[in-house]
Chemist: 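Pasting in a structure now, in C-alpha cells, and then I'll have a few things to ask.
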Amino acid sequence: MALTATLIPGDGIGPGITAATIRILEAAGAPFEWDQQLAGVSATEHGLDPLPAATLESIESRRIALKGPLTTPIGSGFRSINVALRKHFDLYANVRPAKTILPDARYPGLDLVIVRENTEGLYAGIEHFIGMDKDPKAVAESVMLITRYGSDRIVRFAFEYALQHGRERVTLVHKANILKCTQGLFLEVGRHVAEEYADRIDYDERIVDATAMQLVLDPYQFDVIVTENMFGDILSDEVAGLIGGLGFAPGANLGTDAAIFEAVHGSAPDIAGLGIANPSSLLLAAGLMLDHMGERVLADRVRTALSETLHEGSVLTGDLGGDASTEEFASAVIERL
Ligand code: NAI
C-alpha cells in the first residue's frame with residue numbers, strides 16, 4: 001500500500017539531498033506517493049508566500065511531511081518558516097535521536113534521545129525593549145513561558161516514547177534551582193507524571209549545566225532526556241556533536257495532528273548547487289518517518305545500508321574527507337541495500 005506524505009525539498013542544498021534521499025527510498029522499496037510543495041526562499045522565488053497555503057493544506061491532509069532545510073533571511077525579511085510550521089501544526093515535541101553511525105567515532109555505540117519541548121520557554125518569543133532617556137533599547141526583556149499543560153504533555157510524551165521504543169530511563173533536565181517558578185513548575189509537573197510510570201520506566205533529574213558536562217564525560221549514562229525548549233535546542237546540538245556532527249542528526253517535530261521530519265543542518269548556502277552535500281541527515285530523518293509510519297523494517301534497511309557505506313569508506317562526501325558527489329554517495333548506499 002502506498003505511503004502518502006508531503007515533500008518539501010527546501011532551499012540551498014535541500015533539493016539535491018532530497019533527490020538523493022528519494023532515490024534511496026525508492027530503491028529500498030518504500031512505496032511513497034509524494035505531494036511535492038514549496039516553502040521558504042524557493043517559494044518566494046516563484047512569487048509565492050514563504051509558507052504557501054497549498055503547502056499547509058498538503059500537510060493538513062497528509063499529516064506527514066519530509067522537509068529539506070529552509071533558509072531564514074538574517075536581520076530582515078520573513079521569519080523562520082520552521083518556527084511557523086511548528087506553531088501552525090502545534091508540533092510540540094522535537095525528537096532528536098543521537099546514535100553513533102560513523103566508524104572511529106569518539107563515543108562508539110552511543111544511543112540516546114533528546115525530547116525537547118518545541119513551543120514554550122524563551123522561544124515563545126515574548127520579548128520587548130524598554131526605552132529610557134534617549135535610548136529606545138535601554139533594556140530588553142524576554143518571558144520564559146512555561147505552562148502546566150505544556151509541561152505535562154511533553155514529559156508524558158517522553159515516557160510514552162520510552163515505552164514504545166524499549167528505553168529504560170527518562171532524565172528530566174531543568175534549572176529549577178535558580179528559576180524557581182518557571183523551571184520549578186516544569187520539574188513539579190514532571191515528577192507528577194513520572195510517578196504514573198514508576199513501575200515501568202526509571203526516572204531521574206539533572207540540572208542543565210551539569211548535564212552539559214556529564215554528556216561529554218560519560219554520555220552513556222543517559223537514555224531519554226526530556227527538557228524545555230531552549231535547553232533542548234542547545235543539548236541536542238551538543239549530542240549531535242558527540243556522534244560526529246549535525247550531518248548525522250535527524251529530527252522529528254511531532255504533534256497530535258501532524259509530524260514533520262527534517263535534516264537538522266541548514267541549507268548550506270556555501271555549497272548549494274555544487275552537488276557535493278551529504279544527504280545522511282535527511283536520509284536518517286526519512287528513517288524516523290518510516291518508523292513513525294510503522295515501517296520499521298524498511299527504515300532499518302536504509303539505516304544499515306547507510307552505516308555500511310560509511311564503514312566501508314571508499315565513497316564519501318567532502319564533509320567526511322571524501323570527494324564523492326551527493327549522487328555518487330546515494331548510489332553507494334543503494335548498492336548496499
Ligand atoms: P548550515 O547547517 O547550513 O551550514 C553550516 C556548515 O555546515 C556549512 O559550512 C555547510 O556547508 C555545512 N553543511 C551543512 N549541511 C551539510 C551537508 N548536508 N553536507 C555537507 N556540508 C554541510 O548552517 P548555516 O550556514 O548557519 O545556515 C544556513 C541557512 O540554513 C540559514 O538561512 C539558516 O537559517 C538555515 N537553517 C535552516 C535549518 C532548517 O531548515 N531546519 C536549520 C539550521 C539552519
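Each ligand, and each atom within it, is numbered from 1 in the order the structure gives. Residues: numbered from 1 along the sequence shown. Side chains are part of it too, since the values below use all heavy atoms of this structure and drop only hydrogens, waters and symmetry mates.
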Chemist: For residues 26-40, run the donor-acceptor check on the side chains, cut-off 3.5 Å, and write out each pair with its distance to 0.1 Å, sequence neighbours left out.
Modeler:
residue	atom	partner	partner atom	Å
Asp35	OD2	Gln37	NE2	3.0
Asp35	OD2	Ser58	OG	2.6

Chemist: Looking at Arg148 and Glu120, is any side-chain nitrogen of the basic one under 4.0 Å from a carboxylate oxygen of the acidic one?
Modeler: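 Between Arg148 and Glu120 there is no salt bridge, as every charged N stays at least 4.0 Å from the carboxylate O atoms.
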
Chemist: Apply side-chain hydrogen bond (donor to acceptor under 3.5 Å, both in side chains) to the pair Tyr197 and Glu160, showing each step before the final yes or no.
Modeler: CA-CA 9 Å; Tyr197 293 85; Glu160 288 296 325; 2.6 Å; yes

Chemist: What does the list of residues with a heavy atom under 4.0 Å from ligand 1 look like, ordered by chain and number?
Modeler: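 For ligand 1, the residues that come within the 4.0 Å heavy-atom cutoff are Ile13, Lys67, Pro69, Leu70, Thr71, Thr72, Asn82, Glu262, Ala263, Val264, His265, Gly266, Ser267, Ala268, Pro269, Asp270, Ile271, Ala277, Asn278, Asp319.
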
Chemist: Any sub-3.5 Å donor-acceptor pair from Thr55's side-chain atoms to Leu51's backbone N or O?
Modeler: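 Side chain of Thr55 to backbone of Leu51, a donor-acceptor pair under 3.5 Å: no, none is there.
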
Chemist: Is there a side-chain contact between Leu310 and Ile101, using heavy atoms and a 4.5 Å cut-off?
Modeler: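 In short, these two side chains touch, coming nearer than 4.5 Å.
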
Chemist: Decide if atom CG of Asp323 counts as having more than 12 heavy atoms of other residues, nucleotides or ligands within a radius under 6.0 Å.
Modeler: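 Atom CG in Asp323 is not packed in, count stays at 12 or less.
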
